[in-house]
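In what follows, chains are A, B, ... by sequence order, proteins preceding strands, each numbered from 1.
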Number of protein chains: 4
Amino acid sequence: MTQPARTKQDVVAEFRQSEIIDAARRVIARDGPQKASMERIAEEANISKGTLYLYFDSKGALVREATERGHAEMAAYVNAAMSDAGSAIGTINAYVRSTLAFCDEHEMLFRAMNTYPDSDGDVTSNAVARYVDGYIERLQQVVQQGVDAGDLRPVNARRFARLLVEAVRGIVIERLREKAPLPVNEDAEAIVAILLDGVRA
Amino acid sequence: MTQPARTKQDVVAEFRQSEIIDAARRVIARDGPQKASMERIAEEANISKGTLYLYFDSKGALVREATERGHAEMAAYVNAAMSDAGSAIGTINAYVRSTLAFCDEHEMLFRAMNTYPDSDGDVTSNAVARYVDGYIERLQQVVQQGVDAGDLRPVNARRFARLLVEAVRGIVIERLREKAPLPVNEDAEAIVAILLDGVRA
Amino acid sequence: MTQPARTKQDVVAEFRQSEIIDAARRVIARDGPQKASMERIAEEANISKGTLYLYFDSKGALVREATERGHAEMAAYVNAAMSDAGSAIGTINAYVRSTLAFCDEHEMLFRAMNTYPDSDGDVTSNAVARYVDGYIERLQQVVQQGVDAGDLRPVNARRFARLLVEAVRGIVIERLREKAPLPVNEDAEAIVAILLDGVRA
Amino acid sequence: MTQPARTKQDVVAEFRQSEIIDAARRVIARDGPQKASMERIAEEANISKGTLYLYFDSKGALVREATERGHAEMAAYVNAAMSDAGSAIGTINAYVRSTLAFCDEHEMLFRAMNTYPDSDGDVTSNAVARYVDGYIERLQQVVQQGVDAGDLRPVNARRFARLLVEAVRGIVIERLREKAPLPVNEDAEAIVAILLDGVRA
DNA sequence: CATGAATGAGCCTTCATTCAT
DNA sequence: TATGAATGAAGGCTCATTCAT
């Protein structure tokens with residue numbers, strides 16, 4: 001019964017944190033994690049520089065959280081899409097398509113964050129690596145199941161998973177650079193088609 | 001007739017430029033393009049900080065040139081390997097293998113430089129993009145020839161080329177992150193095998 | 001008739017002030033007057049930062065009051081000891097001994113506060129000077145009485161009083177710095193012996 | 001023969017260092033070691049803030065050096081005066097007189113620096129303690145010799161030395177606080193007279 | 001040409017103080 | 001009266017860039 005009172009404060013605080021993280025993500029996306037200044041982030045969040053330090057211990061901590069949250073959001077989206085797919089091939093398809101789609105919608109947010117490895121030293125790269133490893137892990141299992149089920153040829157599942165993830169990342173970054181990238185569908189289908197059937201005659 | 005005198009100067013100047021760029025590449029490789037300081041680069045080149053500005057307008061220009069030269073060297077190496085290969089499939093093979101090999105040997109030099117897109121804003125990304133586009137262009141032609149020759153299935157050559165390049169870049173970056181990456185051969189063969197024949201049963 | 005109501009408030013207010021001052025003294029003793037932060041003092045007093053400003057105009061005022069109170073306590077202790085002594089020599093003895101003893105017992109509280117002149121500008125030095133002058137004044141009278149009574153040689157009473165006070169202060173500070181100072185008795189006796197009888201053969 | 005060339009640079013550098021230290025001493029004397037800002041010191045030295053860091057690693061280092069140099073100068077002056085005195089009593093006299101005189105002439109420089117123990121934590125207090133210990137050591141020896149020679153009564157030499165040093169320090173600080181202190185001679189004589197012959201009838 | 005001392009804008013962080021609740 | 005979130009002025013420090021020698 002004392003919870004609601006405490007919660008009210010917490011809600012406000014969490015909201016503020018969220019606003020700051022969002023502002024940070026915008027600034028980081030525009031300027032990169034190193035050039036993003038606390039000054040700019042504060043402006044973007046319409047608060048004062050000092051207030052940032054009420055919610056985050058340091059710039060490093062804020063950048064870390066911003067990166068983390070960005071990847072967490074993407075992971076939620078992508079994992080949901082993968083879970084809805086049935087077969088191995090369907091899951092692969094879902095991974096490619098949802099990743100491309102998500103990054104398309106959050107262009108600004110991911111421009112800087114997908115840089116890899118990160119020039120911020122290890123500040124953010126750990127978070128990135130963790131999520132990437134998560135995708136690889138999951139895809140590896142799916143691929144193995146596909147192999148076991150006879151849907152896929154007996155390839156090294158981990159290696160294929162890694163190749164898939166890296167290829168998709170490459171395409172995402174490429175798409176972010178392009179002014180008018182192809183529709184997600186086309187790129188996704190092409191990736192999946194090639195990775196599934198190869199190009200050899 | 002005034003040419004020889006000027007040329008002599010030029011030679012010296014170019015030599016100096018070269019030395020500076022090499023020093024810059026070493027420092028950038030170690031510290032990343034942002035943390036690499038002019039001070040540090042000057043030390044590495046055994047000249048004074050002021051002298052840097054006799055040969056380069058700004059830090060941005062120097063980083064740009066250093067990146068450019070790094071990619072130029074790689075392009076020379078990779079293109080030579082591709083030229084030695086006969087068929088489309090052989091060329092693709094050569095591209096993958098030589099890229100992985102080169103990056104392996106120049107780990108330090110490419111760690112920072114392969115960041116993409118670059119947190120330095122557009123300072124270096126243009127140079128990177130130009131080279132990447134070069135590889136894609138060339139691979140596209142080769143793939144098209146392979147398709148025409150009946151060696152490859154009728155895929156969209158450009159799209160495949162791009163996928164190939166991005167996949168290789170992803171693997172390269174991954175390899176740079178790993179402490180004990182697989183032998184170049186294994187990774188190269190896996191990439192080529194999957195991209196040529198796919199994974200579908 | 002409005003007095004009682006006002007008084008009740010006052011009692012509460014004074015109690016609060018007292019608590020705050022005590023907290024401030026603890027923090028100041030630990031961190032020094034400059035590094036002692038209002039945040040820290042508020043925590044120590046179990047109130048909020050803003051509340052501090054309901055009872056004190058500024059950090060300077062609070063530090064001043066805290067110093068003041070510390071010296072007032074010491075003055076009460078030392079003056080009581082001096083009052084209990086009969087002769088001039090006894091009073092001098094009492095001053096030295098009680099000062100050393102008090103500072104020993106309140107080490108933490110006096111470490112920072114005895115800095116002199118104070119790095120806070122004139123924030124606290126006035127308070128310190130007032131108390132020091134009080135001791136000198138009293139000792140001067142006592143010494144003069146001792147001279148008049150023939151117990152002491154005809155010295156300049158004020159000058160001797162000042163020398164006594166400053167010597168004791170020096171020894172106190174020295175004792176605070178030492179990890180294992182001599183027993184109070186020994187230092188006190190030595191000071192008194194030298195000041196009374198000198199060292200000349 | 002190559003020395004002069006190197007020396008020229010060094011001379012300039014040393015001169016700059018000296019100027020900075022002098023400026024720092026003035027600012028520290030006025031504002032205390034904590035409130036003395038690099039900005040103010042730079043202004044006082046008529047150079048830019050950044051230049052300070054060409055000559056000193058940090059504010060702490062600069063404050064340390066400034067304190068050190070101040071005490072070194074005083075030690076040179078005081079030790080010279082003591083060396084010129086013959087007997088134990090003469091040396092004691094010289095110590096008191098020269099210390100008072102030096103501090104009088106360098107009022108500004110010593111106001112903050114004689115604060116003891118120092119609120120800057122251990123930044124400067126080590127230097128202070130070292131010099132103080134030096135004086136005590138030397139005086140102890142002299143006093144012991146005086147005792148051995150029969151000039152002084154058999155007192156604990158170390159304890160007397162410490163009392164002497166602390167008393168003088170107290171008087172110095174007191175003098176710095178006074179607007180119109182007595183002539184050095186008078187205070188010095190009074191101190192010496194009391195410490196030599198005491199006040200007891 | 002070469003130098004490196006000097007500059008100063010800019011960054012991250014702290015903290016006394018204020019004010020809406 | 002009490003709170004504590006918010007503020008913003010400093011402060012220490014770094015580093016790309018300039019310029020007198």
Side-chain angles (χ1 to χ4, degrees), chain A residues 8-9 12-13 15-17 20 31 34-42 45-63, chain B residues 9 12-13 16 34-43 45-63, chain C residues 9 12-13 16 34-43 45-63, chain D residues 8-9 12-13 15-17 20 31 34-42 45-63:
Chain A
K8 189 180 175 183
Q9 298 271 28
V12 173
F15 179 68
R16 260 301 157 80
Q17 270 210 359
I20 292 172
D31 303 338
Q34 312 237 13
K35 291 214 170 167
S37 73
M38 293 300 263
E39 178 94 34
R40 285 280 307 112
I41 293 172
N46 286 319
I47 59 175
S48 80
K49 227 186 327 180
T51 303
L52 291 179
Y53 288 88
L54 295 180
Y55 295 94
F56 299 93
D57 283 345
S58 65
K59 181 187 170 180
L62 174 51
V63 170
Chain B
Q9 300 260 16
V12 173
R16 260 302 159 78
Q34 312 241 8
K35 292 208 170 171
S37 72
M38 295 299 264
E39 177 89 37
R40 194 72 202 72
I41 293 172
E43 274 175 31
N46 287 318
I47 61 173
S48 78
K49 226 188 320 183
T51 304
L52 291 179
Y53 288 87
L54 295 179
Y55 295 95
F56 298 93
D57 285 343
S58 66
K59 180 185 172 181
L62 174 51
V63 170
Chain C
Q9 299 260 16
V12 173
R16 261 301 157 80
Q34 313 242 8
K35 292 207 170 171
S37 73
M38 293 300 263
E39 177 89 36
R40 195 71 202 72
I41 293 172
E43 273 175 30
N46 287 318
I47 59 173
S48 78
K49 226 188 322 183
T51 304
L52 291 180
Y53 286 87
L54 295 179
Y55 295 95
F56 299 93
D57 284 343
S58 66
K59 180 185 170 181
L62 174 51
V63 171
Chain D
K8 188 180 175 183
Q9 298 271 27
V12 173
F15 179 67
R16 260 301 156 79
Q17 269 209 0
I20 293 173
D31 303 338
Q34 312 237 13
K35 291 213 169 168
S37 75
M38 294 301 262
E39 179 93 33
R40 285 279 308 111
I41 293 173
N46 286 319
I47 59 176
S48 79
K49 224 185 332 179
T51 303
L52 291 179
Y53 289 88
L54 294 180
Y55 294 95
F56 299 92
D57 283 345
S58 65
K59 180 186 170 181
L62 175 50
V63 170

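Taking OH from D/Tyr55 and CD from D/Gln17, the interatomic distance works out to 8.0 Å, rounded to the nearest 0.5 Å. The line from NZ of C/Lys49 to CE of C/Met38 is 9.5 Å long, rounded to the nearest 0.5 Å. Note that the CG atom of D/Leu62 and the CD1 atom of D/Ile20 stand 7.5 Å from one another [nearest 0.5 Å]. A distance of 10.0 Å separates OG of D/Ser48 from CD of D/Glu39, quoted to the nearest 0.5 Å. One distance of note links CZ of B/Arg40 with NZ of B/Lys35; it measures 14.5 Å at 0.5 Å rounding.
Here the P atom of nucleotide F/dG11 and the CD1 atom of D/Ile41 are 11 Å apart, to the nearest Å. Across the protein-nucleic acid pair, C/Leu54 atom CG and F/dT3 atom P stand 9 Å apart, rounded to whole Å. In this structure, the CZ atom of B/Phe56 is 13 Å from the P atom of F/dT17, given to the nearest Å. For the pair B/Leu52 CG and E/dC1 P, the interatomic distance rounds to 15 Å; values are reported in whole Å. Between the OH atom of A/Tyr55 and the C1' atom of F/dA6 there is a distance of 8 Å, given to the nearest Å. As a whole-Å value, the separation of D/Phe15 CZ from E/dA5 C1' is 15 Å.
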Using the 3.5 Å cut-off, write out each protein N or O paired with an N or O of nucleotides 9-12 of chain E and the distance between them.
from: E/dG10; atom 1: O6; to: D/Lys49; atom 2: NZ; distance (Å): 3.3
from: E/dC12; atom 1: OP1; to: A/Lys59; atom 2: NZ; distance (Å): 2.9
from: E/dC12; atom 1: OP2; to: A/Met38; atom 2: N; distance (Å): 2.9

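Of the candidate nucleotides F/dT1, F/dG8, E/dT7, E/dT7 has the atom nearest to the side chain of D/Ser48.
Side-chain atoms of C/Leu54 and C/Arg16, non-hydrogen and from C-beta on, never get closer than 4.5 Å to each other. In this structure the side chain of D/Leu52 never reaches within 4.5 angstrom of the side chain of D/Phe56, judged on heavy atoms.
Distance alone, capped at 3.5 Å, is enough to place a donor-acceptor pair between the A/Lys59 side chain and the A/Ala36 backbone.
If C/Asp57 and A/Asp57 are placed on DNA chain E by their nearest nucleotide, the residue sitting closer to the 5' end is A/Asp57.
Within the structure, a side-chain polar atom (N or O) of B/Arg16 is placed less than 4.0 Å from OP1 or OP2 of E/dA2. Considering only side-chain N and O atoms, A/Thr51 lies nowhere under 4.0 angstrom from the phosphate OP1 or OP2 of F/dA6.
Remark: the separation of the P atoms in E/dC1 and F/dT21 is 22 Å, to the nearest Å.
A stem is defined here as three or more consecutive Watson-Crick or G-U pairs, each with both distances under 3.5 Å; for DNA chain F these stems are E:2-21 with F:2-21.
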